Visitor: 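Mind having a look at this structure? Questions to follow.
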Amino acid sequence: MPLDPETFEALIDTVRRFVAERLRPLEAQVGDEDEVPQEIVREMREMGLFGLSIPEEYGGLGLTMAEEVRVALEFGRTSPAFRSVFGTNVGIGSQGLVMAGTDAQKRAWLPGIASGEVITSFALTEPDAGSDSASVRTRAAADGDVYRLSGTKRFITNADKASLFTVMARTGEAGARGVSAFLVPADLPGVGIGKPERKMGQQGAHVCDVTFDDVPVPVANRLGKEGEGFRIAMRVLDRGRLHIAAVCVGIAERLIADMVAYAAERRQFGKPLADFQLIQAMIADSKTDTMAARALVMDSAGLMDRGSSITLEAAAAKYFASESVGRVADRAVQVFGGAGYVADHGIERLYRDVRLFRIYEGTSQIQQLVIARETIRNGG
Ligand SMILES: Cc1cc2nc3c(=O)[nH]c(=O)nc-3n(C[C@H](O)[C@H](O)[C@H](O)COP(=O)(O)OP(=O)(O)OC[C@H]3O[C@@H](n4cnc5c(N)ncnc54)[C@H](O)[C@@H]3O)c2cc1C
């Protein structure tokens, strides 16, 4: 059920003000300190952001995908690390449970996820299984009423804050059909969390290794049937890719606004930069890229809300939006000139931040493979 339009517009208004007044002034601090202040996390909880996509009956806001991408767009207008605070709860960390969980599993976990008391992470990637994610080696061996879970997961967003992991592990044959999904509480014996990695951008959002050393995971914590884990993970990623594409559009819109403001104010050769046609070309290309990305995102979200599979659409939206925000960020540095390269205006930080979008939740090459596979399968 969508929220009534007035309530939804009030939410968007609140988010827009929160981003402009609370988050944007903190961008440089979070970039330097690699930590989002606890006070901001608390305010996000109070706004209900951790539960945007969690059904209302479990304490969330139950937004439709079309509504969720509008919120994601607004969060694109600031450092993407802020969105990551609640991003895994709204997306990859919770949606396996929403899509495939039993009533009992949902009742046990979703209210805490929706309120933000429970932070969730999605643990698919391993040291030897990245793009080839169906080759995961983390093993879950059945042993009475538990599975014994052993293995290492890599680059897991929010792992250092998580109290619940959705873990894809091998229970059977090689390949996708031998993978099952599990809800793994972080306080089970044998769960280890590595130190946050130092990264190129998105400081304030942490990724760590997660190790499982003979962890006894109750059979009751399996999501779906044995062998369904990979399919669940891919459905979760379809949705996640659309959300990420929306964030890319929001950042591109922010960068265009920054470019235009700077080009209007900065003068060379006796005129504002905005008067030079070569600058205008960069603005025009950025605007066109971003309008096209926005249209892809909104169209795909609508399709999903009408019950269609969006594997192709989500891959196309994520591919195009992440590549295009990369081009926009590059042009923004160019329009700002030296000021774009030094840290004061924050353009170089966003340039580094957006690079990740072409890598995680499936690289651009993987999106191309998915788009081609689906297009060929559908006969064009
Ligand atoms: C900051 C960050 C956060 C992340 N968060 C999470 C998370 O929360 N949970 C999680 O499970 N994972 C997470 N990841 C992992 C991420 O999804 C993987 O890094 C990504 O899927 C790519 O895998 P890889 O790094 O092993 O690269 P590889 O798979 O080794 O790829 C290296 C290069 O080879 C290319 N390539 C690989 N296979 C093919 C092919 N068949 N055809 C053409 N080119 C190919 C890739 O496109 C890429 O360019 C995160 C990663 C980062 C950096």
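Position 1 is the first residue of the sequence, and the numbers go up from there. In each ligand, atom 1 is the first atom listed, and ligand 1 is the first ligand listed. Since the structure is predicted, the reported quantities are computational estimates derived from the model, not experimental observations.
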Visitor: For atom 8 (O) of ligand 1, find the nearest protein heavy atom and state the residue, atom name and distance (0.1 Å precision).
Guide: T157 N, 3.0 Å
Visitor: Would you say N89 and S94 are linked by a side-chain donor-acceptor pair, where the criterion is simply a distance under 3.5 Å?
Guide: no
Visitor: Do the side chains of T363 and R358 get nearer than 4.5 Å, heavy atoms only?
Guide: no
Visitor: For K199, I'd like to know if atom NZ has over 12 heavy atoms of other residues, nucleotides or ligands within 6.0 Å.
Guide: yes
Visitor: Would you verify that at least one protein heavy atom lies under 4.0 Å from atom 28 (P) of ligand 1, or report that none does?
Guide: yes
Visitor: From atom 46 (C) of ligand 1, is the closest protein heavy-atom distance below 4.0 Å?
Guide: yes
Visitor: Could you tell me whether the side chains of D285 and T288 share a donor-acceptor contact shorter than 3.5 Å?
Guide: no
Visitor: Please say whether D132 places an N or O atom under 3.5 Å from an N or O atom belonging to ligand 1.
Guide: no
Visitor: Under 4.0 Å from any heavy atom of V207, which atoms of ligand 1 are there?
Guide: 1 (C), 2 (C), 3 (C)
Visitor: Counting non-hydrogen protein atoms only, what is the nearest one to atom 9 (N) of ligand 1? Give residue, atom name and distance.
Guide: F122 O, 2.8 Å
Visitor: Nearest protein heavy atom to atom 21 (O) of ligand 1, by residue and atom, and its distance?
Guide: I359 O, 4.0 Å
Visitor: Any idea which part of L369 is under 4.0 Å from ligand 1, heavy-atom wise: side chain, backbone, both or neither?
Guide: side chain
Visitor: Considering only heavy atoms, does T363 approach ligand 1 within less than 4.0 Å through its side chain, its backbone, both, or neither?
Guide: side chain
Visitor: Which residue and atom name correspond to the protein heavy atom nearest atom 38 (N) of ligand 1, and how close is it?
Guide: S131 CB, 3.8 Å
Visitor: Counting only heavy atoms closer than 4.0 Å, does ligand 1 sit against the backbone of L124, its side chain, both, or neither?
Guide: both
Visitor: Take atom 33 (C) of ligand 1 and look for protein heavy atoms under 4.0 Å from it; say yes if you find one, no if not.
Guide: no
Visitor: Please determine whether a side-chain nitrogen of the Lys or Arg among R170 and E126 lies less than 4.0 Å from a carboxylate oxygen of the Asp or Glu.
Guide: no
Visitor: With side chain to side chain donor-acceptor pair (under 3.5 Å) as the test, would you mind laying out the steps for R222 and Y147 before giving the verdict?
Guide: CA-CA 9 Å; R222 198 185 61 226; Y147 285 88; 2.8 Å; yes
Visitor: Which one holds for E361 and ligand 1: side chain close, backbone close, both close, or neither close, with close meaning a heavy atom under 4.0 Å?
Guide: backbone
Visitor: Is E35 salt-bridged to K161, going by a charged N under 4.0 Å from an acidic O?
Guide: yes
Visitor: Where is the nearest protein heavy atom to atom 39 (C) of ligand 1: which residue, which atom, and how far?
Guide: I366 CD1, 4.4 Å
Visitor: Would you check whether F155 has a nitrogen or oxygen atom less than 3.5 angstrom from a nitrogen or oxygen atom of ligand 1?
Guide: yes
Visitor: Consider only side-chain N and O atoms of T78 and E27, and report whether a donor and an acceptor are under 3.5 Å apart.
Guide: yes
Visitor: Is Y360 close to ligand 1, meaning an N/O of one under 3.5 Å from an N/O of the other?
Guide: no
Visitor: Going by ring pair (Phe, Tyr, Trp, His ring centres under 6.0 Å), name the residues that satisfy it together with F75, two or more places apart in sequence or in a different chain.
Guide: F86
Visitor: Within the protein, is there a heavy atom lying under 4.0 Å from atom 4 (C) of ligand 1?
Guide: yes
Visitor: Do any N/O atoms on Q365 end up under 3.5 angstrom from N/O atoms on ligand 1?
Guide: yes
Visitor: What is the nearest protein non-hydrogen atom to atom 24 (P) of ligand 1, stated with its residue, atom name and distance?
Guide: G130 CA, 3.9 Å
Visitor: Using the six-membered ring of F320, assess whether NZ or CZ of R327 lies under 6.0 Å from its centre and within 45 degrees of the ring axis.
Guide: yes
Visitor: Is there a donor-acceptor contact under 3.5 Å linking the side chains of S364 and E323?
Guide: yes
Visitor: How far is atom 16 (C) of ligand 1 from its nearest protein heavy atom, and which residue and atom name does that atom have?
Guide: T125 OG1, 3.9 Å
Visitor: Counting only heavy atoms not in E6, do more than 12 fall under 6.0 Å of its CD?
Guide: no
Visitor: Which pairs, with at least one residue in residues 297-314 and sequence neighbours excluded, count as a salt bridge (Lys or Arg N to Asp or Glu O under 4.0 Å)?
Guide: none
Visitor: With heavy atoms of L356 as the reference, note each atom of ligand 1 found under 4.0 Å away.
Guide: 1 (C), 2 (C), 52 (C), 53 (C)
